[in-house]
Amino acid sequence: MTHVAICLTDKTGMYYKHALVTAASVLDNAKSAVCLHLVHDETLSPAAEKAFRDLCARHGQTLQLHHAREIPRETEQNVPSFLGKGTLYKTMLPGLLREDKVLYLDCDIVCLCDVAEVFQIDISGQFLGAVKMGREQGLRWSKKLGLTSDFCINAGVLLMNLEKIRREIPDYTERLLDVVRTKNIPVGDQGATNTFFDGRPDAYHFLPEFCNFRTEQEDHATLPLKEYRGKIVHFAGKKPWEVF
């Protein structure tokens with residue numbers, strides 16, 4: 001079974017629809033069993049929960065709901081407003097899920113492939129499977145974060161080795177949130193993840209680009225539709241709901 005995690009907070013009561021699109025794209029293209037793990041807080045409305053339950057039921061797939069723990073105020077205030085605290089919930093996945101591995105997806109993603117292809121990639125020796133940013137962008141962010149590495153990974157798609165994290169970094173959530181709290185890291189958990197794993201040889205298994213095909217990179221936003229087939233398309237720059 002493929003395990004996929006989506007995390008959200010929904011102050012307006014409307015943001016869940018973006019997460020629902022991501023979930024629908026996963027299930028529409030799945031050729032085998034999927035368990036969708038929805039990590040949420042008290043802002044998840046009954047209507048939103050029903051929408052996710054109905055979606056999974058229509059596809060004959062499994063839904064598990066996980067209530068995120070509260071983010072300390074001093075940590076939350078260091079998260080850029082355009083991200084929101086929901087992006088930090090992915091740091092809690094090792095403690096919330098029982099599985100050994102999970103594919104995490106941001107809510108600005110449309111999957112045009114069977115995500116089992118990504119989930120089945122062997123990352124047994126690394127903590128995370130991730131796609132690098134483009135070289136220039138990665139160098140720019142590496143300098144901004146003060147990393148020893150000359151690259152950065154994008155954290156919008158993460159294949160997480162939960163078993164290795166739980167075994168070797170049992171306080172993973174606390175340590176990642178502490179980086180956000182104490183260092184005022186840009187771009188929230190992404191900056192914290194790059195900072196925390198900087199220099200560790202067992203940090204990343206670098207995934208192929210189709211696993212996190214970012215529209216803000218190079219000319220990726222202007223391709224013919226056929227060029228997006230078979231990819232996990234990540235609207236990491238301008239969001240579709242802002243453009244149209």
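Everything numeric here is computed off the predicted structure, so don't read it as measured data. Side chains included, hydrogens not; waters and symmetry mates left out as well; all remaining heavy atoms used.
A salt bridge does not link Arg175 with Asp178: none of the charged nitrogens is closer than 4.0 Å to a carboxylate oxygen.
Note: Asn29 CG to Leu112 CG = 6.0 Å, rounded to the nearest 0.5 Å. Rounding to the nearest 0.5 Å places NE2 of His37 at 10.5 Å from CG of Leu96. Rounding to the nearest 0.5 Å gives a distance of 7.5 Å between CG of Leu36 and CG of Leu55. Residue Glu163 holds its CD atom at 10.5 Å from CD1 of Ile123, rounded to the nearest 0.5 Å. One distance of note links CG of Asp100 with CG of Asn161; it measures 7.5 Å at 0.5 Å rounding. Remark: Ile121 CD1 to Leu207 CG distance equals 5.0 Å, nearest 0.5 Å.
Using a 4.5 Å cut-off between side-chain heavy atoms of Ile, Leu, Val, Met, Phe, Trp and Tyr, with links allowed through other members, Tyr204 and Leu162 fall into the same hydrophobic cluster. One hydrophobic cluster holds both Ile169 and Met92 under the rule that ILVMFWY side chains link at heavy-atom gaps under 4.5 Å. Hydrophobic clustering of Ile, Leu, Val, Met, Phe, Trp and Tyr side chains at less than 4.5 Å, counting indirect connections, keeps Ile6 apart from Val233. Leu63 and Ile109 fall within a single hydrophobic cluster, where Ile, Leu, Val, Met, Phe, Trp and Tyr side chains are chained together by heavy-atom contacts under 4.5 Å.
Between Leu158 and the options Ile153, Asn212, Leu103, a side chain to side chain contact (heavy atoms under 4.5 Å, CB included) holds for only Ile153. In summary, of the residues considered (Asp41, Val39, Leu38), a side chain to side chain contact (heavy atoms under 4.5 Å, CB included) with Leu8 occurs for Leu38 alone.
Residue Glu42 qualifies as enclosed at atom CD: its count of foreign heavy atoms under 6.0 Å is above 12. Residue Glu70 places its CD atom among 12 or fewer non-hydrogen atoms of other residues, nucleotides or ligands, all under 6.0 Å distant.
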Hey, mind stepping through Asp189 and Thr91 against side chain to side chain donor-acceptor pair (under 3.5 Å) and telling me if it holds? CA-CA 8 Å; Asp189 73 281; Thr91 68; over 6 Å; no
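The closest donor-acceptor contact from the side chain of Gln61 to the backbone of Ser32 lies under 3.5 Å.
His40 and His67 have their aromatic ring centers within a separation under 6.0 angstrom. Between Phe206 and Phe151, the gap from one ring centroid to the other is short of 6.0 Å.
Below 30°, between 30° and 60°, or above 60°: for Tyr172 and Phe196 the angle between ring planes is above 60°, a perpendicular geometry. Aromatic ring orientation, Tyr15 versus His18: perpendicular (interplanar angle above 60°, classes split at 30° and 60°).
Residues Thr148 and Asp198 have side chains that bring a donor and an acceptor to within less than 3.5 angstrom of each other.
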